[in-house]
Chemist: 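Dropping the structure in here first, questions after.
In what follows, chains carry the letters A, B, and so on, assigned in the order in which the sequence lines appear, proteins first and then strands, with residues in each chain numbered from 1.
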2 protein chains.
Amino acid sequence: MPAQARRSQTVKVRDVAREAGVAVGTVSRVLNDHPTVTRELRERVERAMAHLGYEVDVTAQSMRAGRSRLVACAIRDFDIPRFALFIKEAEAVLREARYTLLLASTTNRPEVEIALLSAFRRRRVDGVMMTLSDEQHRDVREALSEAPMPVLLIDRNRIEALDRVTADHRQGARLATSHLLGLGHRRIAVLVGDTKAFPSRSRLEGLREAYAAAGVMPDPRLLRDNVLSSEEAYRATASLMSLADPPTALFVAAMDMLGGCLRALRTMGIAVGDGISVVAGSDSDLAELHTPPITAIAWDLAAMGRHAATMLLERMRGDEIERGRGLTVPTELIIRGSTRPVAN
Amino acid sequence: MPAQARRSQTVKVRDVAREAGVAVGTVSRVLNDHPTVTRELRERVERAMAHLGYEVDVTAQSMRAGRSRLVACAIRDFDIPRFALFIKEAEAVLREARYTLLLASTTNRPEVEIALLSAFRRRRVDGVMMTLSDEQHRDVREALSEAPMPVLLIDRNRIEALDRVTADHRQGARLATSHLLGLGHRRIAVLVGDTKAFPSRSRLEGLREAYAAAGVMPDPRLLRDNVLSSEEAYRATASLMSLADPPTALFVAAMDMLGGCLRALRTMGIAVGDGISVVAGSDSDLAELHTPPITAIAWDLAAMGRHAATMLLERMRGDEIERGRGLTVPTELIIRGSTRPVAN
DNA sequence: CCCCGCAAATGAACCGGTTCATTGACTCCC
DNA sequence: GGGAGTCAATGAACCGGTTCATTTGCGGGG
């Protein structure tokens, strides 16, 4: 069927109005559940719509209204297994409120974040939830402050004016570190991600607090930051375990990096538990079902997704709420067999 | 700032035209890289845009053009870790082509699939890639055939008119089953997902082919279908292993169900490898790093995502291509320590 | 010098809804 | 009976781009 023919065939409010013998304004009011329509006309219009197979053109509605019923989610990389849960729950909440989710990857680069914000504006997106590669980045902050729609930060907290949903990574890291120190470990290797971002900064804080509480000094040579991929985790672990005086414990304080570390340990023939104590920064089937099972920090990403969507919707509704609300989901340490007293 | 004030402040083509001293048509032609604009005017218009901070309104463009530069992806559940890879790669290809990805979950229900197709039409979405809960569902097929935009099926193949990207699950299942039969296993338990959908059907075909080639009859009492969640996998495994004559091998022929099975085996104190041979239907860190490592079927989901997006874009471009093109990515069996000769 | 042909530029009409000032009908009350 | 008040319904104007029939300008040929 030629596109043109199809095009001219589509049923419009005009056609519905003619069929029902009413004005276009009335059809529009029926469409939008406006209260000032008599039951009789409403029914006539609805019959006409059903009869003609009418479907509103959302692009026309968006153009007129200046909003799109779209909510964008931009994160650094959606190939983080547990993050899918966040998105899944957020989408469910948004769809329930008759919004559609728009998804984009920032690849953790400021210029992409800025370009996406601009694209979202041009699309008249109604709200945005996103991660940031660097909360201090001047141009990103400017783009955020100029954004006409509400923006909610995902696991970021440095921009006071914006709403945010975070996990209590500090607490998790503190628990994990205290646990290891309590088992007598003093040479604890730590892998963290991007220290410009909240989660890693926050974990480092928790780590330091635990050391301070124990009256012990951390060894900076055992810290590896900017570990953002499994391959980097592999290399970092390999290099740490090759030190003259290797660590007795490994704290993988980044999301979804456990696999890379375990691969390195296996390659080097080092046994988890006996050879080295391991704590995973995020829980997973792998951590739970490994032999031995791996002590891990856990938090509820599904709840984060739901809260993020809910808070953003509230903000979009324009309710008079104080700016920069923050919600923090707690973290817990699940102690399993991979962490053992240090051998003397 | 009041929305109304902001609203009236936005810069429009009209304003750019006035500033540059040209007609609105010219501004539009510059925006769309139309060739019949002299370099001088183009530059003047571009300067005016930069000066005024002009941003096109995509909703207006969409309304006029009847298309939105949106591509929708609707899958049954995005909380399938490996699927994130598909989406990630598809999004990258689409963004490269200046399309934005719209994401929705069908929760594997036909009525949701139909509702989403309708919502995509109303939004003038330019293309759709999706899974289907049941390719034979009458109403879904009708909704698909009435869709004005191209639809590409993800790992589904029963609708001849539609393009599709599939994995060769039959091959994977055949290899896995032959491998187990070759090790002497005759009591092989099998978990599959929804047999109304292509992947499970296809795996069952491969399974039967392998049995036929070996001249052995499968035991239907060892088959569990409709295993769609980890919890169901747990229960199915537990029930299979409680049989009077329990299986010697377990073929987890569904995506991402390995965790549930392993949990059940662990709870029952059955050792993978010695106690039972296990094959995973999809590869993962868990399969690779388990002790013993678990034999698994692997395929390239990233490539599937790239191909899906590329094929859909070609179709959207309206190129004269035969309808219903199919692309199949190969599967391979990665043999690891979890599959051993049957104990006699 | 004039006319033709071509290319560049113009701006009104259009896309398909929503909004709101206006009209029309009806009720209520004095 | 008539005027005020209420409420439903009307439809032209509008949202912000794009398109295309028309105009303008310019070079070249006769």
Side-chain angles (χ1 to χ4, degrees), chain A residues 3-46 48-49 52-69 121-124 126 148, chain B residues 3-46 48-49 52-69 121-124 126 148:
Chain A
Q4 208 47 46
R6 165 180 292 287
R7 191 65 173 299
S8 59
Q9 280 172 10
T10 58
V11 180
K12 300 152 197 181
V13 271
R14 224 200 318 290
D15 306 311
V16 175
R18 197 185 312 119
E19 170 86 8
V22 300
V24 290
T26 304
V27 176
S28 174
R29 275 153 60 228
V30 169
L31 269 176
N32 296 287
D33 277 326
H34 216 278
T36 67
V37 189
T38 53
R39 171 206 271 269
E40 193 227 327
L41 277 202
R42 171 181 305 282
E43 282 171 1
R44 240 161 71 199
V45 169
E46 279 166 354
M49 284 179 176
L52 298 175
Y54 174 75
E55 280 184 327
V56 264
D57 183 333
V58 178
T59 65
Q61 292 185 310
S62 299
M63 138 126 169
R64 174 70 220 220
R67 47 137 204 68
S68 58
R69 294 204 83 81
R121 289 164 60 149
R122 292 194 301 264
R123 281 202 181 274
R124 301 293 185 259
D126 299 335
Chain B
Q4 207 47 45
R6 164 179 294 285
R7 192 67 173 299
S8 60
Q9 282 172 10
T10 59
V11 180
K12 300 153 198 182
V13 273
R14 224 201 319 290
D15 306 312
V16 175
R18 195 185 315 118
E19 170 86 8
V22 300
V24 290
T26 304
V27 175
S28 175
R29 276 153 58 228
V30 169
L31 269 177
N32 296 288
D33 277 325
H34 215 278
T36 66
V37 189
T38 53
R39 170 204 271 269
E40 193 229 328
L41 277 203
R42 171 180 307 281
E43 282 171 1
R44 240 161 70 200
V45 169
E46 279 166 353
M49 285 180 176
L52 299 175
Y54 173 74
E55 279 184 329
V56 266
D57 183 334
V58 178
T59 64
Q61 294 184 309
S62 298
M63 138 128 170
R64 174 69 220 220
R67 45 139 205 66
S68 58
R69 293 204 82 81
R121 288 163 61 148
R122 292 195 300 266
R123 281 202 182 274
R124 301 293 184 257
D126 298 335

Chemist: What is the separation between atom CZ on B:Arg124 and atom C1' on C:dG16, rounded to the nearest whole Å?
Modeler: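 After rounding, the reported distance stands at 9 Å.
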
Chemist: Just wondering, do A:Lys12 and A:Val24 contact through their side chains at under 4.5 Å, heavy atoms?
Modeler: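 The answer is no, as the side chains (C-beta and beyond) never meet within the 4.5 Å cut-off.
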
Chemist: To 10°, what angle do the rotation axes through the five end pairs on each side of the helix from C:dC1-D:dG30 to C:dC30-D:dG1 form?
Modeler: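 For the helix from C:dC1-D:dG30 to C:dC30-D:dG1, the axes at either end differ by 60°.
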
Chemist: Expressed in angstrom and rounded to an integer, what is the separation of B:Arg67 atom CZ from D:dT19 atom P?
Modeler: 9 Å

Chemist: Over how many whole Å does the gap from A:Met63 atom CE to C:dT19 atom P extend?
Modeler: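 To the nearest whole Å, that distance equals 13 Å.
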
Chemist: Mind running a 4.0 Å heavy-atom check of residues 29-38 of chain A against DNA chain D and sending the residues that fall below it, in number order?
Modeler: A:Arg29, A:Thr36, A:Val37, A:Thr38

Chemist: What is the distance, rounded to the nearest whole Å, between atom CE of A:Met49 and atom P of C:dG17?
Modeler: 9 Å

Chemist: Between P on C:dC15 and CZ on B:Arg122, what's the gap in Å once rounded to a whole number?
Modeler: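 Result: 22 Å.
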
Chemist: Looking only at heavy atoms, what is the nearest atom pair of A:Glu19 and A:Ala48, with distance?
Modeler: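 Minimum heavy-atom contact is CG-CB, 3.5 Å.
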
Chemist: Within the sub-3.5 Å range, which N or O atoms of nucleotides 22-25 of chain C have a protein N or O partner, and how far apart are they?
Modeler:
none

Chemist: Work out which heavy atom in A:Pro148 is nearest to a heavy atom in A:Arg121; give both atom names and the distance.
Modeler: CD-CG, 3.5 Å

Chemist: Say you draw a straight line from NE2 of A:His34 to OG1 of A:Thr26; how long is it, rounded to the nearest 0.5 Å?
Modeler: 11.0 Å

Chemist: So do A:Val45 and A:Met49 actually touch side chain to side chain, heavy atoms under 4.5 Å?
Modeler: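 Side chain of A:Met49 against side chain of A:Val45, heavy atoms only: contact under 4.5 Å found.
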
Chemist: Would you kindly give the CD-to-C1' distance between A:Glu55 and C:dG17, to the nearest whole Å?
Modeler: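 Value for this atom pair: 15 Å.
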
Chemist: To the nearest 0.5 Å, tell me how far B:Gln61 CD sits from B:Ser28 OG.
Modeler: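 Output value for this atom pair is 8.0 Å.
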
Chemist: Take atom CD of A:Glu40 and atom P of C:dC26, then tell me their distance rounded to the nearest Å.
Modeler: 13 Å

Chemist: Closest to the A:Gln61 side chain: C:dG16, D:dG16, C:dG17?
Modeler: C:dG17

Chemist: Would you indicate, yes or no, if D:dG16 has its OP1 or OP2 atom less than 4.0 angstrom from a side-chain nitrogen or oxygen of B:Tyr54?
Modeler: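 Negative; the distance criterion is not met.
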
Chemist: A:Arg44 has an atom CZ; how far is it from atom C1' of D:dA9, in whole Å?
Modeler: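 From A:Arg44 CZ to D:dA9 C1': 11 Å.
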
Chemist: Which listed nucleotide (D:dG16, C:dC14, D:dA13) is nearest to the side chain of B:Arg64?
Modeler: C:dC14

Chemist: Give the residues of residues 13-25 of chain A touching DNA chain C, defined as any heavy atom closer than 4.0 Å, sorted by residue number.
Modeler: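 Within this stretch, A:Val13, A:Gly25 sit under 4.0 Å of the strand.
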
Chemist: Can you list every pair that meets salt bridge (charged side-chain N to carboxylate O under 4.0 Å, His left out) and has a residue in residues 20-35 of chain B, with sequence neighbours left out?
Modeler: B:Asp33-B:Arg42

Chemist: At their closest point, which heavy atom of B:Tyr54 faces which heavy atom of B:Leu31, and how far apart are they?
Modeler: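 Reported closest heavy-atom pair: OH-CD1, 3.8 Å.
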
Chemist: side-chain contact (heavy atoms from CB on, under 4.5 Å) with B:Thr59: which residues, sequence neighbours excluded?
Modeler: A:Ser62, A:Met63, A:Arg124, B:Asp57

Chemist: So do B:Arg69 and B:Asp126 actually touch side chain to side chain, heavy atoms under 4.5 Å?
Modeler: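 Yes, close enough: below the 4.5 Å cut-off.
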
Chemist: Less than 4.5 Å apart, any side-chain heavy atom of A:Val22 and any of A:Val30?
Modeler: no

